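Accompanying notes for the structure given below.
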Amino acid sequence: MSLIRTRFAPSPTGFLHIGGARTALFNWALTRKQGGAFVLRVEDTDLERSTRESEEAVLDGLRWLGIDWDEGPLRQTDNADRHKAVVEQLLSEGKAYRCVCTKEELEARRDADIKAGGKGIYDGRCREAAHGADCGDHTVRLRVDAEASLRWDDLVFGPSGQDASEIGDGIIRRTDGTPLYHLAVVVDDIDMQISHVIRGADHHSNTPFQLALYRALGAEPPTFGHVPLIVAESGRKLSKRKDPVSIQQFKADGFLPDAMVNWLVRLGWSHGDQEIFSRDEIVEHFGLDHVGRAGAQADLQKLEWLSQHYIKEASADALYEAVNPFIDAVAGRNVDRDANLDRTLDLLRERSNTLVEMAEKARFVLCDDIEIDAGAAKKHLRPVALEPLEALIPSLEALDEWSEASLEPAFEATCKALDDLKLGKLAQPVRVCVTGTGASPGIYETLEVVGQTRTIARLRAGVDVIKARIAEG
RNA sequence: GCUCCCAUCGUCUAGUGGCCUAGGACGCGGCCCUCUCAAGGCUGAAACACGGGUUCGAGUCCCGUUGGGAGCGCCA
């Protein structure tokens, strides 16, 4: 299979969008599978919105996801001279012409045309006017041959396109002399010898005009593949305000990059019944032939499931690395890694959908002072629990070895001495005293990672809570 | 309005004319396990938008309807 050249061309608008991330991932996967180069090109021609900071944010997002590129980042503004030269060239070849129609005139004529049942495309008024460079304020339009067929075989949608008569002569240079997006992408893609343009389906209807540009420039168009959009629950385009779309946000919410990648790649693409894909497996199996044509709704619950899956699978080193910042945040200090912390994290793997959850659930180990949840206290720190707790404390104090193995007989002996008390009647109050909540890993494991000193102290504090409650009546 | 596109369980999807009384996964219900919460095991409910064709046979092909989306900018 011959080498391909692909590109991801984000506009640096502050953060990496999940739609863009998926487009990048598909480009990356295709390139890594077929062999070739994946190029990153920043479309920064919208100077109002483009900053180096937002460009960095986009690159960071890609790096975090593990999507690496072979060339770039190139910037579209760096090619500005080339874009201008191309417009001049088209002008001199008669493939483009100057148009002196003003915005207002254009708008009025389009409205009138639509009212009269027309399609509202440019009427070609300046097409044969042969305005020279001295015509004053003007735009430049591409002369689109009305007979031309602007069709292509899309890698995802199959036969696509329409006749030139449907699109009209589009503007390629503004009055202020700057080139438009369509001109810039086509020129850049030609210059960079991009062989496969994989992009969002929102560009599907833009493609015919771009095909006309390739034709005018005498260049062989690339192979196109349009990937359906990721849609919101409403079925509409994702909204930056209402929907979670920023990769940075997902990172901050404690999702593992492996989970993100797995989630994104399955949004629209499939490989039989397989759900879990490592990056290697994605590269091994990926292909545009199995990308669906309908828009895909972002399913956050599936992401959480994947996230937990990867948390469960992660190596101890990788897990610590990933959860470290979240743990520090909960502890309010730099937490050193030790065997007890690793043990704690292991206990929490199957109980955490995200790293944020994991860190929060580790609070009873990370912090010396814990707060007892009011609801849990009300339910479990009742007068009936006083005797069992008071009976347990001395036997725990007497333990020379503090481990699951030594804790279990101590609990059992206490229950037995209390007229065969059910373990739950003892374990739940203990759990609330020690963790502050009614849910935690197994009680022996929990106590083991909390440690003997802190366990005893928390049990005593719990006993005091119950006594206070009794005193209040 | 015009052009283009899309349509299988709530969601992501398998399915490329017979293997489909439609499979998997997330989520949801039930059961088991159990000191709580999970995890795990078993199990259940849940879809081919509708109407016409074509064909011996249609989720799969064609047409229409309905619904949805994108594009129609001197934005990218």
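Bear in mind the structure is a predicted one, so any value in this text is a computation, not a measurement. Numbers restart at 1 for each chain; the letters A, B, ... are given by sequence-line order, proteins then strands.
- Contact of Glu350(A) with G40(B) (side chain to base): no donor-acceptor pair of N or O atoms is detected under 3.5 Å.
- Here the P atom of nucleotide U36(B) and the CD1 atom of Ile443(A) are 11 Å apart, to the nearest Å.
- The same atom, C1', is picked in G40(B) and in U34(B); the two are 12 Å apart, to the nearest Å.
- Counting non-hydrogen atoms under 4.0 angstrom, Leu267(A) reaches the backbone sugars and phosphates but no base.
- When distances are taken from the side chain of Leu229(A) to each of A70(B), U36(B), U13(B), the shortest belongs to A70(B).
- G1(B) and C48(B): their C1' atoms are spaced 33 Å apart (whole Å).
- Taking the charged nitrogens against the carboxylate oxygens, Glu43(A) and Arg75(A) have no contact shorter than 4.0 Å, which rules out a salt bridge.
- Annotation: proximity of residues 414-430 of chain A to RNA chain B (heavy atom, distance under 4.0 Å) is found for Leu423(A), Gly424(A), Ala427(A), Gln428(A), numbered in ascending order.
- The side chain of Ile114(A) sits closest to G1(B) out of C12(B), G1(B), G27(B).
- The nucleotide whose nearest atom lies closest to any side-chain atom of Gln308(A) is, among C37(B), A38(B), A14(B), A38(B).
- For C37(B), its base never sits under 3.5 Å from the side chain of Ser440(A) at any donor and acceptor pair.
- A salt bridge is defined here as a Lys NZ or Arg NE, NH1 or NH2 lying under 4.0 Å from an Asp or Glu carboxylate O, and Arg7(A) with Asp188(A) fails to meet this definition.
- Within the 4.0 angstrom heavy-atom criterion, base atoms lie near Thr175(A).
- If you check A46(B) for Watson-Crick or wobble pairing at under 3.5 angstrom, you find it has no partner at all.
- Nearest-nucleotide assignment on RNA chain B puts the 5′-proximal partner with Ala296(A), out of Cys101(A) and Ala296(A).
- The distance from atom CZ of Phe8(A) to atom P of A76(B) is 17 Å, rounded to the nearest whole Å.
- Among the heavy atoms of the strands lying under 4.0 Å from His182(A) is at least one base atom, whether or not backbone atoms are also near.
- When heavy atoms are screened at a 4.0 angstrom cut-off, Arg110(A) is found touching the sugar-phosphate backbone but no base atom.
- At least one side-chain heavy atom of His204(A) sits under 4.5 Å from a side-chain heavy atom of Ser160(A).
- Glu357(A) places its CD atom 11 Å from the P atom of A39(B), with the value rounded to the nearest Å.
- For the pair His290(A) NE2 and G15(B) C1', the interatomic distance rounds to 9 Å; values are reported in whole Å.
- Within 6.0 Å of CZ on Arg382(A) lie no more than 12 heavy atoms contributed by other residues, nucleotides or ligands.
- No hydrogens or angles were tested; on distance alone, nothing pairs the side chain of Arg293(A) with the base of C5(B) as donor and acceptor under 3.5 Å.
- In this structure, Lys425(A) places its NZ atom where only 12 or fewer heavy-atom neighbours from other residues, nucleotides or ligands lie under 6.0 Å away.
- At least one side-chain nitrogen or oxygen of Lys312(A) sits closer than 4.0 Å to the OP1 or OP2 atom of G40(B).
- In this structure, Glu448(A) atom CD and C35(B) atom C1' are separated by 16 Å, rounded to whole Å.
- For Trp305(A), taking side-chain heavy atoms from C-beta onward, the closest of the listed nucleotides U36(B), A7(B), G27(B) is G27(B).
- Using cut-offs of 30° and 60° for the angle between ring planes, the Phe224(A) and Tyr214(A) rings count as perpendicular.
- Residue-to-nucleotide proximity on RNA chain B shows that, of His271(A) and Ile171(A), the 5′-proximal contact is made by His271(A).
- Closest to the Asp299(A) side chain, of the nucleotides A7(B), A76(B), U11(B), is U11(B).
- Listed candidates were G1(B), C75(B), C12(B). Nearest to the side chain of Lys302(A) is C12(B).
- Side chains of Tyr97(A) and Asp169(A): a donor-acceptor N/O pair is present below 3.5 angstrom, by distance only.
- Using N1 to N3 plus N6-O4 or O6-N4 for Watson-Crick, or N1-O2 and O6-N3 for G-U wobble, each under 3.5 Å, C20(B) pairs with nothing.
- We find that Asp145(A) and Arg215(A) are not joined by a salt bridge, their nearest charged nitrogen and carboxylate oxygen being 4.0 Å or further apart.
- For the C1' atom pair drawn from A58(B) and G73(B), the interatomic distance equals 44 Å after rounding to whole Å.
- Annotation: Glu412(A), atom CD; neighbour count of heavy atoms from other residues, nucleotides and ligands within 6.0 Å is above 12.
- Atom NZ of Lys84(A) and atom P of C74(B) are 19 Å apart (whole Å).
- Of the listed nucleotides (A39(B), C12(B), C74(B)), C74(B) has the atom at the smallest distance from the side chain of Lys103(A).
- Shown here, C31(B) forms a base pair with G41(B); the pair counts as Watson-Crick or G-U wobble because both key distances fall under 3.5 Å.
- The residue Gln162(A) sits close only to the backbone: its heavy atoms come under 4.0 Å of sugar-phosphate atoms, none of a base.
- The side chain of Arg266(A) approaches C12(B) more closely than any other nucleotide in the set C12(B), U3(B), A39(B).
- Atom P of nucleotide C37(B) and atom CG of Asn353(A) are separated by 16 Å, given to the nearest angstrom.
- Counting non-hydrogen atoms under 4.0 angstrom, His309(A) reaches nothing in the nucleic acid.
- Using C1' as the reference atom, U65(B) and G30(B) are 41 Å apart when rounded to the nearest Å.
- Nucleotide G10(B) has C26(B) as its partner under the Watson-Crick or G-U criteria, with both atom distances under 3.5 Å.
- Interface residues of residues 197-210 of chain A facing RNA chain B, ordered by number: Ala201(A), Asp202(A), His203(A), His204(A), Ser205(A), Asn206(A); criterion, heavy-atom separation under 4.0 Å.
- Gly292(A) comes within contact range of no nucleotide atom at all, as no heavy-atom separation falls under 4.0 Å.
- Listed nucleotides U3(B), G15(B), A76(B) differ in distance to Glu43(A); the shortest reach to its side chain belongs to A76(B).
- C6(B) sits 15 Å from U60(B) when the P atoms are compared, rounded to a whole Å.
- Both tests pass for Arg141(A) against the ring of Tyr122(A): distance under 6.0 Å to the centre and angle within 45° of the axis.
- Aromatic ring centres of His182(A) and Phe209(A) lie closer together than 6.0 Å.
- Counting non-hydrogen atoms under 4.0 angstrom, Glu304(A) reaches nothing in the nucleic acid.
- Remark: C72(B) base-pairs with G1(B); criterion is Watson-Crick or G-U wobble with both hydrogen-bond distances under 3.5 Å.
- Comparing G24(B) with C61(B), their C1' atoms sit 26 Å apart, to the nearest whole Å.
- In this structure, the side chain of Asp44(A) engages the main chain of Thr77(A) through a donor-acceptor pair within 3.5 Å.
- Counting non-hydrogen atoms under 4.0 angstrom, Phe157(A) reaches the backbone sugars and phosphates but no base.
- Comparing C74(B) with U16(B), their C1' atoms are spaced 45 Å from each other, to the whole Å.
- The P atoms of G15(B) and C9(B) are separated by 16 Å, rounded to the nearest whole Å.
- Residue Arg174(A) has a polar side-chain atom (N or O) positioned under 4.0 Å from OP1 or OP2 of A76(B).
- Between Trp269(A) and Phe286(A), the ring planes lie tilted relative to each other; the angle falls in the 30° to 60° range.
- In this structure, Phe411(A) and Tyr444(A) have perpendicular ring planes: the angle between them is above 60°, well past the 30° mark.
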